[in-house]
Amino acid sequence: MTEIRVRIAPSPTGPLHVGTARTALFNYLFARHTGGTFVLRMEDTDAARSTEAYERDILEGLHSLGLDWDEGPNPGDGDDRGPYGPYRQMQRLDRYAAATAELLARDLAYPCYCTLAELDADRKAQEAAHQPPRYVGRCANLTPEERASRVAEGRPAAIRFRVAPGVVRFEDLIRGEVEIDAANLGGDFVVVRGDGSPLYHFTVVVDDAAMEISHVIRGEDHLSNTPKHILLFRALGHDVPQFAHLPLILNADRTKMSKRKSQTAVADYVAEGFVREALINYLALLGWSTGTEEEILSLEEIVLRFDLVHVQKGGAVFDRERLEWLNGQWIRRLEPEDLIERLQPFLEKDLAAGRIDRLPSAEELRALLPIVQERLPRLNAIGDLVGFLWIDHLEPDPALIVPKRWDAATTLEALRAARETIVETIGPVTFEADELEPPLRALAEARGWKASDLFMAIRVAVTGRTATPPLFDSLVALGREQVLARLDAAMGTLEREGGTKP
RNA sequence: GCCCCCAUCGUCUAGAGGCCCAGGACGCCACCCUUUCAAGGUGGAGAUCAGGGGUUCGAAUCCCCUUGGGGGCACCA
């Protein structure tokens, strides 16, 4: 039984979390690197919090990152694929029931009739006495008569697993030998609720056993729970898989990354225009390295290099700045057609929000790419960068049109001269960046203006912004008619508001 | 409170006894390029390798202690 099988077991109780994506990624990498099988199993036994919408978000999110699994629910139709199904725990209740019956029959577990109020009181008392919380064992050794009387009272029974004394030892692939005394596990723990529904610690073991999982790669937050799982594997007569506990992803304050303190939904990053290549690249390098100085790597390249040896032990703070840098790197590496396609939804969003008045054609975008691609930190920055091209009525701030060293009168004069130069020297048909620059530079020189001031005045007049892609390319993209119209409009504004600046 | 894990620049990390009075990247600061903004290039500041004991000819690397941080202890996952 040496076949490598790993799994990601997300719970559909929230949108796809960055931490889940990272754990999925590491499992995926391990499987692909070793030629093993990557399984996805939905842990939806928390009926109160699980939703289908979250399940869809998780499935589609992982799929869109390129982390495809060999077995589990399909991202599209949700149908199961693979020989170990079903892959949703709510559809596997019979297996948990069978496992429960077996434990009960062998007295490795027992019914517990304690009420939630009793347990709560126990816990409070222990807390007051500065004792660690643990189940007191009230129902551990009830006689058949005592059980019968509780049942007669109509008390529901949870099922508790007996934790035998002893030390549980295991070799973690990342942390080395770990040993925990079973006495510190908090006593006999519940595996099935009073209402009959099974709990995580139980289902995860029953399923990992049934699905022949060979390596459990998960977050460090499960390290302390691992002995419970090992005890359960043994009780069920199954081989214990290998464990590898990954370092946690942290908030800026070094606590476990949480929705409260960080942006944790993968979909939110995607909506901002982070590309999957950057997300994958970044997440892979959070807690792992190649051992070299390589850092810009595709998923395929990471698969080739991946190993558990270079996984870090300490937690890693999620650093958005670094993600953003990597995102820029990857955007610059995208093929033009690919970039144009990926930009589409963001342009549509800008249009819907009224930030632009029309959608550019693919040809228009293609022509723009040389001046835009290296300036995009995120895909959603496209509107901010060149949205001025697709606006019907630009209203530049008159205070911005006037360059720092100039007054309104000079600016007005300069814009008028620039317009003239453009009209006279540039033919109505051709209108290219190369043709625009020399005459305008000559104009500046002839009038004793600094070219940068002239260009800034034109820039703001025509784009409404002080920071834009290269001016002459922007003018060409805008087109002769628009350029002239906007210059006229800006001069009009200056005439009306002139004198507001010394 | 108890148990477990962890500890190299602000952040992500290289480092598996001598190549390290510690290298790279992000960020930051300068300069170059330059019509603005980016990108790119060059350089710089930034870590007494948490502290203290050992082991060793030699320790960021091995051991112990201390300190600090994190995680776990549910009829959540």
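Residue numbers begin at 1 in each chain, while the letters A, B, ... track the order of the sequences. Side chains included, hydrogens not; waters and symmetry mates left out as well; all remaining heavy atoms used.
Applying side-chain hydrogen bond (donor to acceptor under 3.5 Å, both in side chains) to A:His245 and the options A:Arg218, A:Glu220, A:Lys313 leaves one that passes, A:Arg218.
What separates CG of A:Asp384 from C1' of B:A38 is a distance of 12 Å, to the nearest Å. The interatomic distance linking A:Leu248 (CG) with B:A7 (P) rounds to 14 Å, in whole Å. Spacing between atom CG of A:Leu250 and atom P of B:C5 amounts to 18 Å, rounded to whole angstrom units. Look at CG on A:Leu368: it is 16 Å from C1' on B:A39, rounded to the nearest Å. For the pair A:Asn184 CG and B:C5 C1', the computed distance is 14 Å after rounding to whole Å.
Closest non-hydrogen pair, A:Phe346 versus A:Glu272, comes out as CE2-C, 4.0 Å. In terms of heavy atoms, A:Arg155 sits closest to A:Cys114 at NH1-CA, 4.2 Å. In terms of heavy atoms, A:Ala461 sits closest to A:Leu394 at O-CD2, 3.7 Å.
Here the side chain of A:Asp221 is nearest to one of B:G71, B:C75, B:U35, namely B:G71. The side chain of A:Pro133 sits closest to B:C73 out of B:A77, B:C73, B:C75. Side-chain atoms of A:Arg254 lie closest to B:U11 of the nucleotides B:U11, B:G71, B:U36. The side chain of A:Ala467 lies closest to B:U36 when the candidates are B:U36, B:G1, B:U35. Distances from the side chain of A:Arg459 to the nucleotides B:A77, B:G23, B:U35 place B:U35 closest. Proximity note for A:Ser224 (side chain, C-beta onward) versus B:A14, B:C4, B:G27: the nearest is B:C4. Of the candidate nucleotides B:G24, B:G27, B:A77, B:G24 has the atom lying nearest to any side-chain atom of A:Glu293. When distances are taken from the side chain of A:Pro470 to each of B:G71, B:U36, B:A25, the shortest belongs to B:U36. Nearest nucleotide to the side chain of A:Arg375, out of B:A38, B:G40, B:C75: B:A38. Closest to the A:Gln329 side chain, of the nucleotides B:G27, B:C5, B:G40, is B:G40.
Contact annotation: A:Lys313 side-chain N/O to B:G70 OP1/OP2 distance is not under 4.0 Å.
The main-chain N or O of A:Leu297 is found under 3.5 Å from a side-chain atom of A:Asn281 such that the two form a donor-acceptor pair. For the pair A:Gln126 (side chain) and A:Arg134 (backbone), a donor-acceptor distance under 3.5 Å is present.
Using cut-offs of 30° and 60° on the angle between ring planes, the pair A:Trp449 and A:Trp406 is tilted.
Pairing for B:C9 is absent, with no Watson-Crick or G-U wobble pair whose two atom distances lie under 3.5 Å. Under the Watson-Crick or G-U wobble criterion, with both distances below 3.5 Å, B:C3 is paired with B:G71.
Here A:Arg138 pairs with A:Asp122 in a salt bridge; the nearest charged N to carboxylate O distance falls below 4.0 Å.
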I'd like a list of close polar pairs between nucleotides 29-33 of chain B and the protein, N/O only, cut-off under 3.5 Å.
none

Would you tabulate the pairs of protein nitrogen or oxygen atoms and nucleotide nitrogen or oxygen atoms of nucleotides 59-64 of chain B closer than 3.5 angstrom?
none

Where do N or O atoms of nucleotides 44-51 of chain B meet protein N or O atoms at under 3.5 Å, pair by pair?
none

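Checked against a 6.0 Å centroid threshold, the rings of A:His222 and A:Tyr200 count as neighbours. Taking the six-membered ring for Trp and the full ring otherwise, the centers of A:Phe189 and A:Phe202 sit at least 6.0 Å from each other. Close placement of the A:Phe306 and A:Phe26 rings is indicated, their centers lying within 6.0 Å of each other. Annotation: A:Phe318 is in aromatic contact with A:Tyr282 [ring centroid separation under 6.0 Å].
Counting heavy atoms from C-beta on, the side chains of A:Pro198 and A:Thr100 never come closer than 4.5 Å.
A donor N or O paired with an acceptor N or O is found under 3.5 Å between the base of B:A77 and the side-chain atoms of A:His201.
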